[in-house]
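Note sheet for the following structure.
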Amino acid sequence: MKPAPFEYRAPGTLGEAIELLAADPEAAVIAGGQSLMPLLAFRLAAPSMLVDLRRVRGLGEIAIGDSGVRLGARVRWRDIEEDQLLAIAHPLLREAIAHVAHYQIRNRGTVGGSLAHADPAAELPGIAVTCDAEIALVGAAGERCVPAAEFFTGPLSTVRQPDEIITELRLPFWPRDRRWAFREFAQRQGDFALAGVALFYDEDRRGRVRNPHVGVIGACNRPQRLPEVESLLSGHAIDDGLIREAAAAAAQAVDPPEDLHAGAAYRRALVATLVERGLRAASQNGEA
Ligand SMILES: Cc1cc2nc3c(=O)[nH]c(=O)nc-3n(C[C@H](O)[C@H](O)[C@H](O)COP(=O)(O)OP(=O)(O)OC[C@H]3O[C@@H](n4cnc5c(N)ncnc54)[C@H](O)[C@@H]3O)c2cc1C
């Protein structure tokens, strides 16, 4: 099918882009087009106008500093993949993004597009929630910064207002000796995951878990942390028994969707397996 007719604008500044969105509630932002174009082609979305961000300056930066990593909204998967400093500054992010889609899509898909699209199985929203990231937005009412845990409200649904543009994802500082892992399972390389797990923790001097963060994708109606699993891990040294307990708790904590790719029971079992494998990998070498 072909998209319904729409006007097209490519403003040069963020201010102009916001003016266009504020003047027309039926207008939509387009970035890489990798999620939006299929929706338009199937006429699942029919915006009156596309406001293309490609000429807006200042949204394409990757900044690494003492407070963490900032990813501009127009940073593409490929930019993340190719940034060697980012691999050191945030290895969990880099590992997760390697699982996103295929080469062609990674060449165009963007940080802002993925966050705004809010697919429950998408990797970046999962990393944002797991890592306590914040999402910066700017609209007609001004700027605001929303914790990722509050940003995603359901499948393809967020707290973003129609006239707001995501400008940046802010990930907190990542200590070098942190233990971490990312595990997902997809039917084919590059497909959306049936389920995925991102986790990390620090250790005290006696090797006991501090500050555990365990997040899931594809296993609930939005990316979520699993506080039940984190409490189980906190204060204990990782061993086989604890890993098995955590995996069982994770399977209970998720609320997986049923669809033609997998039933809820399968996804629960998958989450348990991924948590087990992730914790084992993190405890053995700190790397996935
Ligand atoms: C075959 C296929 C496989 C894929 N597999 C995966 C996968 O495994 N994992 C994964 O995470 N993704 C996957 N994707 C999605 C892909 O990563 C998209 O690129 C991404 O989700 C959206 O980014 P985009 O820049 O293309 O956004 P667009 O398609 O341009 O926009 C998507 C949505 O975001 C809005 N938007 C875009 N930028 C902004 C902004 N800065 N502020 C506010 N709103 C904005 C648009 O209005 C639209 O609603 C896949 C896509 C395809 C086609």
Side-chain angles (χ1 to χ4, degrees), residues 3 6 8-11 14 17-18 20-22 24-42 44-56 58-61 71-81 93 95-129 135-139 143-144 146 151-152 155-169 182 184-196 198 217-218 222-223 261:
F6 54 82
Y8 173 82
R9 301 283 180 84
L14 210 46
I18 291 162
L20 289 167
L21 293 174
D24 180 356
E26 300 300 316
V29 172
I30 185 164
Q34 299 304 294
S35 295
L36 186 56
M37 287 315 294
L39 291 180
L40 298 186
F42 284 112
L44 295 170
S48 54
M49 179 195 295
L50 289 186
V51 179
D52 195 336
L53 297 182
R54 74 191 164 87
R55 291 178 50 221
V56 175
L59 296 179
E61 305 293 317
L71 301 174
R74 275 203 307 115
V75 168
R76 301 165 304 161
W77 306 133
R78 181 183 157 190
D79 302 323
I80 294 175
E81 195 173 37
L93 168 73
E95 173 68 19
I97 295 316
H99 293 265
V100 176
H102 314 281
Y103 177 80
Q104 291 85 347
I105 293 158
R106 288 206 300 274
N107 209 28
R108 294 195 66 94
T110 65
V111 162
S114 176
L115 296 172
H117 189 62
D119 191 301
E123 286 82 0
L124 187 68
I127 293 299
V129 169
I135 294 162
L137 300 132
V138 57
E143 289 182 44
R144 64 179 177 136
V146 181
F151 183 77
F152 303 101
L156 312 187
S157 160
T158 73
V159 299
R160 184 180 81 86
Q161 297 301 308
D163 69 346
E164 284 184 312
I165 293 176
I166 295 171
T167 53
E168 202 169 68
L169 177 69
F182 182 83
E184 73 167 47
F185 179 74
Q187 283 164 319
R188 293 170 304 188
Q189 168 77 33
D191 281 3
F192 274 104
L194 293 183
I217 57 171
R222 57 185 190 274
H261 301 295

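All heavy atoms count here, side chains included; hydrogens, waters and symmetry mates do not. In listed order, ligands and their atoms are each counted from 1.
- Listed by number with element, the atoms of ligand 1 under 4.0 angstrom from any heavy atom of Asp191 are 8 (O).
- Judged by distance alone, the side chain of Thr167 and the main-chain N or O of Ala136 form a donor-acceptor pair under 3.5 Å.
- Distance CD1/Ile80 to CG/Leu93: 5.0 Å, rounded to 0.5 Å.
- Scanning all protein heavy atoms for the shortest distance to atom 41 (N) of ligand 1 gives Ile166 O, 3.1 Å.
- Checking only distances, Leu36 does come within under 3.5 Å of ligand 1, N or O to N or O.
- Under 4.0 angstrom from ligand 1, there are no non-hydrogen atoms of Met37.
- Heavy atoms of Arg76 stay at 4.0 angstrom or farther from ligand 1.
- Taking CG of Leu194 as the reference point, atom CD of Glu184 lies at 9.0 Å (rounded to 0.5 Å).
- Nearest protein heavy-atom contact of atom 47 (O) of ligand 1 is Val29 O, 2.5 Å.
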Original post:
What's the verdict on side chain to side chain contact (heavy atoms under 4.5 Å, CB included) for Leu169 and Phe151, showing C-alpha distance, side-chain angles and the deciding distance?
Top reply: CA-CA 12 Å; Leu169 177 69; Phe151 183 77; over 6 Å; no
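- Counting atoms of ligand 1 from 1 in the listed order, those under 4.0 Å from a heavy atom of Ile30 are 30 (O).
- With sequence neighbours left out, the salt bridge (Lys or Arg N to Asp or Glu O under 4.0 Å) criterion links Arg74 to no other residue.
- Taking every heavy atom of Leu53 and a limit of under 4.0 angstrom, the matching atoms of ligand 1 come to 40 (C), 41 (N).
- Closest to atom 53 (C) of ligand 1 among all protein heavy atoms lies Gln34 O, 3.4 Å.
- When non-hydrogen atoms are compared, ligand 1 lies under 4.0 Å from the side chain of Ile105 (C-beta onward) but not from its backbone.
- Listed by number with element, the atoms of ligand 1 under 4.0 Å from a non-hydrogen atom of Gly32 are 24 (P), 25 (O), 26 (O), 27 (O), 30 (O).
- From Ile97, atom CD1 reaches atom CG of Leu71 across 8.5 Å, with rounding to the nearest 0.5 Å.
- The protein non-hydrogen atom at the shortest distance from atom 28 (P) of ligand 1 is Gly33 N, 3.4 Å.
- Expressed to the nearest 0.5 Å, how far CZ of Arg9 lies from CG of Leu50 amounts to 11.5 Å.
- Distance from atom 13 (C) of ligand 1 to its nearest protein heavy atom, with residue and atom name: Phe192 CZ, 3.1 Å.
- Here is the list of ligand 1 atoms found below 4.0 Å of a heavy atom in Gly113: 22 (C), 23 (O), 24 (P), 25 (O), 27 (O), 32 (C), 33 (C), 34 (O), 37 (C), 38 (N).
- A ring-centre distance under 6.0 Å is not found for His261 and Phe192.
- Thr110 OG1, 2.6 Å is the protein heavy atom nearest to atom 25 (O) of ligand 1.
- With Ala31, Ala101, Ala73 as candidates, the residue nearest to atom 4 (C) of ligand 1 on a non-hydrogen basis is Ala101.
- Below 3.5 Å of separation, one finds no N or O of Glu164 facing any N or O of ligand 1.
- Going from atom CG of Leu20 over to atom CG of Asp163 covers 11.5 Å, rounded to the nearest 0.5 Å.
- Here atom 45 (C) of ligand 1 lies nearest to Ala116 when heavy atoms of Ala45, Gly190, Ala116 are compared.
- Residue contacts with ligand 1 for Leu124 are absent, since no atom lies close enough (heavy atoms, distance under 4.0 Å).
- One option in Gly196, Gly109, Ser35 has a heavy atom closer to atom 20 (C) of ligand 1 than any other, and that option is Ser35.
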**OP:** Would you please test Val29 and Leu21 for side chain to side chain contact (heavy atoms under 4.5 Å, CB included) and show each step?
**Re:** CA-CA 8 Å; Val29 172; Leu21 293 174; 3.6 Å; yes
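- Atoms of ligand 1 found under 4.0 Å from any heavy atom of Trp77 (numbered from 1 in listed order, with element): 17 (O), 19 (O).
- We find the OH-CG distance between Tyr8 and Asp52 to be 3.5 Å, quoted to the nearest 0.5 Å.
- Between the side chain of Arg144 and the main chain of Leu137, no donor-acceptor pair closer than 3.5 Å is present.
- For atom 11 (O) of ligand 1, the closest non-hydrogen atom of the protein is Glu123 OE1, 3.1 Å.
- Annotation: Phe42, atom CZ; neighbour count of heavy atoms from other residues, nucleotides and ligands within 6.0 Å does not exceed 12.
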